[in-house]
**Student:** 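One structure is given below, represented as structure tokens, and several questions about it will come after.
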2 protein chains.
Amino acid sequence: MSTQAAPDLSTRERIAVTAARLFSEHGFAGVSMRDIAEAVGVKAASLYNHFDDKESLYFAALAQAFDHPIRLVDQALQAPGTPRQRLTGLVTALVEAVAGDPVSARLLQRELVDGGPGRMERIAQELMRPPFDRIKAVLSELAPALDGGRVAAYLIATVHGYLSLLPLVPMLDSGLTTDPGQFAEDLSGELLAWLAGRQR
Amino acid sequence: MSTQAAPDLSTRERIAVTAARLFSEHGFAGVSMRDIAEAVGVKAASLYNHFDDKESLYFAALAQAFDHPIRLVDQALQAPGTPRQRLTGLVTALVEAVAGDPVSARLLQRELVDGGPGRMERIAQELMRPPFDRIKAVLSELAPALDGGRVAAYLIATVHGYLSLLPLVPMLDSGLTTDPGQFAEDLSGELLAWLAGRQR
DNA sequence: GTCTATAGCCGGATAGAC
DNA sequence: GTCTATCCGGCTATAGAC
């Protein structure tokens, strides 16, 4: 509970990073200002010198947490290669961005289920839309016969759904891998089969 | 907040139904015993005559909520028709079971993100596994060339992912429908394209 | 099996010294 | 900008009358 994310951050940043982790683990209602303060190593009252209230702190934590996975996907989108390589690279990056960053993944899961329309709108416009549009553009290029937005939506839905359901997978004898890297490979193959089936 | 689920249920059942709705809306930590009691129309202390503690009540609410969608899917699995019709019927039933029953859908979403391994195991074995195995069996029959478990897992992941992400869909210009019925049709078509791509 | 009353604890937020 | 001290309300759960 006392993991220092990095020693050279401002107190405000340390609070946001720590809060993101705690909120991802226990949800908004499950984390108290006292919990956050203790994990950061300050007193609860000091948090109010950096954030107006618990909700402001929560937003800052969200924005902080989503920054890294978005960068990861953007890098994959800019990588060169054959269309097949670029598609596989994108799928792999998406899977890794989610599977490799449980903090942001769980925050998104939680936000999807209990964020009000206002919070959802802000997250969509400020955080999700730019990377989504870039994914869309690249998929339109890689599969010109189909609608890039729909392909992107199916891809993201499948990745998100699989990783959300991951705790259930080993308990249900589905024959599906629990290894994200292997899943990325697997899904890339199925995606190509789908696109092939659509174009014949 | 005072919706009576049905007038002819035992007090215990009325508590479970009401609690399921509240937990689905606000999460375990976001619902107090007082909230549940008020919505049911009794005093908080009376809840303890029916359930040992808050967690026992929560489990009962889960089991109650999952009962209906599971029946719905089972009905679709038993329906006759051509393989294509049966596949479309299964996809439609799955989508409807989730989209048409927000209470159980949201409870599952919440449980996937903050249920510990113990709770997850119990849900998997007692509630999810029987219907999953039946879906698996039917898909093995409908697409004999592929592994039924894997097809089932991809199907469920996509349905679950799409419906989880539904709040984001209209905000992201994805070209994907927000109507669950149309999505079921759409997904059935894509599923057939996928299977076609895999078998050629 | 329901109620009133309450114990005992924890929640967010603030005041004011330093 | 951090601290100590505190307000005040909500939380789970129990005791005991009816």
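Naming: A, B, ... by sequence-line order, numbering from 1 per chain. From a predicted model like this one, the values you see are computed outputs, not experimental measurements. All heavy atoms count here, side chains included; hydrogens, waters and symmetry mates do not.
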**Student:** Counting only side-chain heavy atoms from C-beta out, which of C:dG12, C:dT4, D:dT12 sits nearest to B:Lys43?
**Tutor:**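 Nearest to the side chain of B:Lys43 among the choices is C:dT4.
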**Student:** In terms of side-chain heavy atoms of B:Ala45, which of C:dC3, C:dA13, D:dC3 is nearest?
**Tutor:**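 Minimum distance to the B:Ala45 side chain belongs to C:dC3.
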**Student:** Salt-bridged, A:Asp133 to A:Arg129, with N to O below 4.0 Å?
**Tutor:**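 Here A:Asp133 pairs with A:Arg129 in a salt bridge, since their nearest N and O are under 4.0 Å apart.
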**Student:** Would you mind checking if A:Arg71 and A:Asp67 are paired as a salt bridge, meaning a charged N to carboxylate O distance below 4.0 Å?
**Tutor:**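 Answer for the salt bridge query: yes.
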**Student:** When you measure from the side chain of A:Tyr48, which nucleotide among C:dA13, D:dA5, C:dG1 comes out closest?
**Tutor:**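 Of C:dA13, D:dA5, C:dG1, C:dA13 is nearest to the side chain of A:Tyr48.
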**Student:** What is the nucleic acid contact for A:Ser46, judged by heavy atoms within less than 4.0 Å: base, sugar-phosphate only, or nothing?
**Tutor:**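 Touches a base.
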**Student:** Please determine, for the side chain of A:Ser32, which listed nucleotide (D:dT12, D:dG1, C:dG11) has the closest atom?
**Tutor:**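 Shortest atom-to-atom distance from the side chain points to C:dG11.
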**Student:** Output the distance between atom CG (A:Leu112) and atom CD (B:Gln109), rounded to the nearest 0.5 Å.
**Tutor:**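 The CG atom of A:Leu112 sits 7.0 Å away from the CD atom of B:Gln109.
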**Student:** How many whole angstroms separate atom CD of B:Glu38 from atom C1' of C:dC3?
**Tutor:**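 Going from B:Glu38 (CD) to C:dC3 (C1'), I get 16 Å.
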**Student:** Taking the side chain of B:Lys54 as its heavy atoms from C-beta onward, which of C:dG12, D:dC3, D:dT12 lies nearest to it?
**Tutor:**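 Of the candidates, D:dT12 comes closest.
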**Student:** Does any N or O donor sit under 3.5 Å from an N or O acceptor when you compare the side chain of B:Arg34 with the base of D:dG10?
**Tutor:**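 Flag unset: no donor-acceptor pair detected.
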**Student:** Given D:dC3, D:dA13, C:dA13, identify the nucleotide with an atom nearest to the side chain of A:Val42.
**Tutor:**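 Comparing D:dC3, D:dA13, C:dA13 against the side chain of A:Val42, the answer is D:dC3.
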**Student:** Could B:Arg119 and B:Glu55 be called an ion pair, given the rule that one side-chain N must be under 4.0 Å from one carboxylate O?
**Tutor:**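 Salt bridge flag = yes for B:Glu55 with B:Arg119.
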